[in-house]
Trainee: 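Can you keep this structure in mind? I'll have questions shortly.
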Amino acid sequence: MKLNIKDKFNTLLPADPILGDSRRQVEQACFSYVTPKPTAKPELLHVAPEMLNTLGLSEADVKSDAFLNVITGNAVLEGTKPYAMCYGGHQFGNWAGQLGDGRAINLCEVEHNAKNWALQLKGAGETPYSRSADGLAVLRSSVREYLCSEAMYHLGVPTTRALSLALSGDEVLRDMLYDGNAAYEKGAIVCRVAASFLRFGNYQIFAARQDTATLKTLVDYTINQHFSHLGTPSKATYIAFMKTVSERTLDMIVHWQRVGFVHGVMNTDNMSILGLTIDYGPYGWLEGYDEGWTPNTTDRQHKRYRYGNQPNMGLWNLLQLANALYPLVEEAEPLEAILNAYKTDFDRASLHMKRSKLGLELEVAEDSALIAELEAVLQLIETDMTLFFRTLSAFNPEESTDGLATVQNAFYNPEALKATVKIAWENWFKAYAARLKKETATFEERQQRMCAVNPKYVLRNYMAQRAIDAAEQGDSSLIDELFQMLKKPYDEQPEYEKWYAKRPDWARHKVGCSMLSCSS
């Protein structure tokens, strides 16, 4: 197995001088050298062919012992020095101090086809940042991360990627719902891939410690390696850097809202500096359209990270990043201008996205009211978001004005369409039909456009849970089935029609399908 190793992070940035995984506060260093924990009996469950090609690997490499050993932490590539990154973060709005890679170990950086990629193992053992944890991961969380990161990529959502999913052969003790009922589960490791795993928290930790020198070193490195188009690091470049991060974060969250994805734990240590979806924990897709829904049991009281609040949380997190960069800029006004622009730019981008979901190309003043009314009626009766927008593409007012019949299958309980609710829906469809008459595109053209932004298939939690349950019994075929299907989420794929369905009743309150914790 040959990779074109081009390590930069751990060669250009200051290292923790202390070796080993003893828990400690790491000062004036961006990372600590660590060694992955050897596993008992590793077993490869799945590999992403696209990522193999992206990294310059082949199917023949996958069959080698070297590949399995590297992606499960049993061997370290020659000439590399694995490490864990130091960062801090706000968790649920409160400053948590030093956090860091507690169960992630960065293996190396690879250059292929003029692109640089960082390889990282999640669940490969303890680091100085593991606090009281063991640094390991279990099969259920690993399956969810592996499938979801690749699914998001094919949905067109900025995201980290995954190379492989493997069993460690070890048993890992976990309290799934933090209710005192710990049990042993199968251990697993995901090899994650991204241009960088830098987070907002990487910068926050140095600002919080008033370590401006290391902060500047890290920011300059980030600009030189990942934002070189902005120019040589300077005060003006730092401002441009903040602006670019804000724009990328905005774009990512607009995509989340478009497909109905809820991250579940938008802490600042889970926010990528590249605007990538990172750290797939208690995520979920909207089943019934509900702006107040969060998949995270830890968040169910205050619902800070609910679907409808994700745009606001993006702004709040960007404010924390701006505070971290302030010591380098020393001016509040340009940073405030960027944050203010986020508000107006998000409204504009969100309106454009919602128009596209409805098949509207022209910009008409009353569209905002039409969309607001739709979001209101969607919550009058439990309506599956994915099915609704996909079936809405079949609504052709030139042939029939009965919009309810078109989207009937999206309702969880059609019998609940009582008089007032039915009237509200009918009124909306009348307004929508009238609005469509202002468009110049044909029905077929509009339907094609709508199906290109409204996916038919998303990774619903019950689907992931079924794959997990089968894998627990030694059957990984469902992982592969979902992996293949989710490569083409906008295509009809009649062979996978069984997955184009509302969440089944058995999954409504099942652990892993509706209730997820940060250990999920």
Trainee: Has the side chain of Gln25 got a donor or acceptor atom that lies under 3.5 Å from a matching backbone atom of Gln98?
Mentor: no

Trainee: Which heavy-atom pair separates Thr214 from Ala29 by the least distance, and what is that distance?
Mentor: CG2-N, 4.4 Å

Trainee: Can you measure from CG (Leu516) to CZ (Arg144) and round to the nearest 0.5 angstrom?
Mentor: 4.5 Å

Trainee: Taking the side chain as every heavy atom from C-beta outward, state whether Tyr307 and Gln257 have any pair of such atoms under 4.5 Å apart.
Mentor: yes

Trainee: Which label fits Tyr83 and Phe9: parallel for a plane angle under 30°, tilted from 30 to 60°, or perpendicular past 60°?
Mentor: parallel

Trainee: Apply side-chain hydrogen bond (donor to acceptor under 3.5 Å, both in side chains) to residues Thr294 and Asn296 and explain how you reach the verdict.
Mentor: CA-CA 6 Å; Thr294 174; Asn296 191 348; 5.6 Å; no

Trainee: So how far is it from Glu185 CD to Leu136 CG, rounded to the nearest 0.5 Å?
Mentor: 12.0 Å

Trainee: Is it true that atom NZ of Lys81 has more than 12 heavy atoms of other residues, nucleotides or ligands lying nearer than 6.0 Å?
Mentor: no

Trainee: Starting at SG of Cys108, measure out to CD of Glu78 and round the result to the nearest 0.5 Å.
Mentor: 12.5 Å

Trainee: Are the side chain of Ser64 and the backbone N or O of Phe67 linked by a donor-acceptor pair below 3.5 Å?
Mentor: yes

Trainee: Go through the steps for Ser477 and Asp480 under the test side-chain hydrogen bond (donor to acceptor under 3.5 Å, both in side chains), then give the verdict.
Mentor: CA-CA 5 Å; Ser477 62; Asp480 184 65; over 6 Å; no

Trainee: Going by atom types only, do Asp347 and Ser350 share a side-chain donor-acceptor pair under 3.5 Å?
Mentor: no

Trainee: Regarding Asn116 and Glu109, do their side chains bring together a donor and an acceptor under 3.5 Å, going by distance alone?
Mentor: yes

Trainee: Is it true that a side-chain atom of Thr11 and a backbone atom of Asp7 form a donor plus acceptor pair closer than 3.5 Å?
Mentor: yes

Trainee: Please report the closest heavy-atom contact between Pro128 and Val34, naming both atoms and the distance.
Mentor: CD-CG1, 3.5 Å

Trainee: Please confirm whether the backbone N or O of Glu492 pairs with a side-chain atom of Tyr457, one donor and one acceptor, at under 3.5 Å?
Mentor: yes

Trainee: Might you point out which heavy atoms bring Asp101 and Ala104 nearest each other, and give the distance in Å?
Mentor: CB-O, 3.2 Å

Trainee: In the structure I gave you, are the side-chain heavy atoms of Asp16 and Tyr33 within less than 4.5 Å of one another anywhere?
Mentor: no

Trainee: What I want to check is whether the side chains of Tyr289 and Glu291 have a donor and an acceptor closer together than 3.5 Å.
Mentor: yes

Trainee: Starting from the C-alpha separation in whole Å, work towards a yes-or-no answer on side chain to side chain contact (heavy atoms under 4.5 Å, CB included) for Val157 and Phe261.
Mentor: CA-CA 10 Å; Val157 182; Phe261 175 80; over 6 Å; no

Trainee: Phe346 vs Tyr342 aromatic rings, parallel, tilted or perpendicular, using cut-offs 30° and 60°?
Mentor: tilted

Trainee: Would you check if Met85 and Asn106 make a side-chain contact, meaning some heavy-atom pair closer than 4.5 Å?
Mentor: yes

Trainee: Check Glu126 with Lys37, please: is the shortest side-chain N to carboxylate O separation under 4.0 Å?
Mentor: no

Trainee: Side chains of Ile18 and Ser32, heavy atoms from C-beta outward: is any pair under 4.5 Å?
Mentor: no

Trainee: When you measure from the side chain of Thr344 to the backbone N and O of Ala341, does any donor-acceptor pair fall under 3.5 Å?
Mentor: yes

Trainee: What's the separation between atom CG in Leu139 and atom CG in Leu167, rounded to the nearest 0.5 Å?
Mentor: 5.5 Å

Trainee: Show your working on ring pair (Phe, Tyr, Trp, His ring centres under 6.0 Å) between Tyr87 and Tyr129 and close with a plain yes or no.
Mentor: CA-CA 9 Å; Tyr87 50 82; Tyr129 313 101; 7.4 Å; no

Trainee: Would you check, one step at a time, whether the test side chain to side chain contact (heavy atoms under 4.5 Å, CB included) holds for His112 with Asn4?
Mentor: CA-CA 7 Å; His112 186 63; Asn4 185 22; 5.9 Å; no

Trainee: Would you mind reporting whether Leu147 and His46 have side-chain heavy atoms less than 4.5 Å apart?
Mentor: no

Trainee: Apply side chain to side chain contact (heavy atoms under 4.5 Å, CB included) to Asn312 and Arg304, showing your working.
Mentor: CA-CA 10 Å; Asn312 296 329; Arg304 177 180 176 85; over 6 Å; no

Trainee: Would you indicate whether the side-chain heavy atoms of Val245 and Phe200 approach each other to under 4.5 Å?
Mentor: yes

Trainee: Output yes when a side-chain donor or acceptor of Arg23 lies under 3.5 Å from a complementary backbone atom of Arg131, and no otherwise.
Mentor: yes

Trainee: Would a distance-only check, ignoring hydrogens and angles, find a side-chain to backbone donor-acceptor pair under 3.5 Å from His263 to Ile278?
Mentor: yes

Trainee: Any non-hydrogen side-chain atom of Glu287 less than 4.5 Å from a side-chain atom of Met385?
Mentor: no

Trainee: Is there a side-chain contact between Asn454 and Lys357 (heavy atoms, below 4.5 Å)?
Mentor: yes

Trainee: Stepwise, does the side chain to side chain contact (heavy atoms under 4.5 Å, CB included) test hold for Glu50 with Leu52?
Mentor: CA-CA 5 Å; Glu50 279 191 5; Leu52 281 177; over 6 Å; no

Trainee: Counting N and O atoms only, with roles assigned by atom type, does the side chain of Ser234 sit under 3.5 Å from a partner on the main chain of Thr237, one being a donor and the other an acceptor?
Mentor: yes

Trainee: State which residue, out of Tyr280, Tyr153, Phe483, fulfils the ring-ring contact (aromatic ring centres under 6.0 Å, His included) condition with Tyr146.
Mentor: Phe483

Trainee: For a quick test of reading the model, state the closest non-hydrogen atom pair linking Ile223 to Gly231 and the distance between them.
Mentor: CG2-O, 3.7 Å

Trainee: Give a yes or no on this: more than 12 heavy atoms of other residues, nucleotides or ligands lie within 6.0 Å of atom CD of Glu27.
Mentor: yes

Trainee: Check the angle between the aromatic planes of Phe92 and Tyr305 and answer parallel, tilted or perpendicular using the 30° and 60° thresholds.
Mentor: tilted

Trainee: Classify the ring geometry of Tyr462 against Trp499: parallel below 30°, tilted from 30° to 60°, perpendicular beyond 60°.
Mentor: tilted

Trainee: Which distance, rounded to the nearest 0.5 Å, do you find between the SG of Cys86 and the CD of Gln28?
Mentor: 11.0 Å

Trainee: Give me the atom names and distance for the closest heavy-atom approach of Leu274 to His226.
Mentor: CD2-CB, 3.9 Å

Trainee: Do you know the tightest heavy-atom contact between Asn267 and Gln91?
Mentor: OD1-CA, 3.2 Å

Trainee: How many angstroms lie between atom CD1 of Ile205 and atom CZ of Arg199, to the nearest 0.5 angstrom?
Mentor: 13.5 Å

Trainee: Looking at Glu59 and Lys63, is any side-chain nitrogen of the basic one under 4.0 Å from a carboxylate oxygen of the acidic one?
Mentor: no

Trainee: Any ion pair linking Asp251 and Arg248 (charged N to carboxylate O, less than 4.0 Å)?
Mentor: no

Trainee: Regarding His255 and Arg258, is there a side-chain donor-to-acceptor distance under 3.5 Å anywhere?
Mentor: yes

Trainee: Say whether Gln204 and Thr268, considering side chains only, have a donor N or O and an acceptor N or O under 3.5 Å apart.
Mentor: yes

Trainee: Under 3.5 Å, side chain of Lys122 to main-chain N/O of Val190, donor-acceptor pair present?
Mentor: no

Trainee: Indicate whether the side chain of Thr222 and that of Tyr203 have a donor and an acceptor atom separated by less than 3.5 Å.
Mentor: yes

Trainee: With distance as the sole test, does Lys235 use its side chain to make a donor-acceptor pair with the main-chain N or O of Val329 at under 3.5 Å?
Mentor: yes

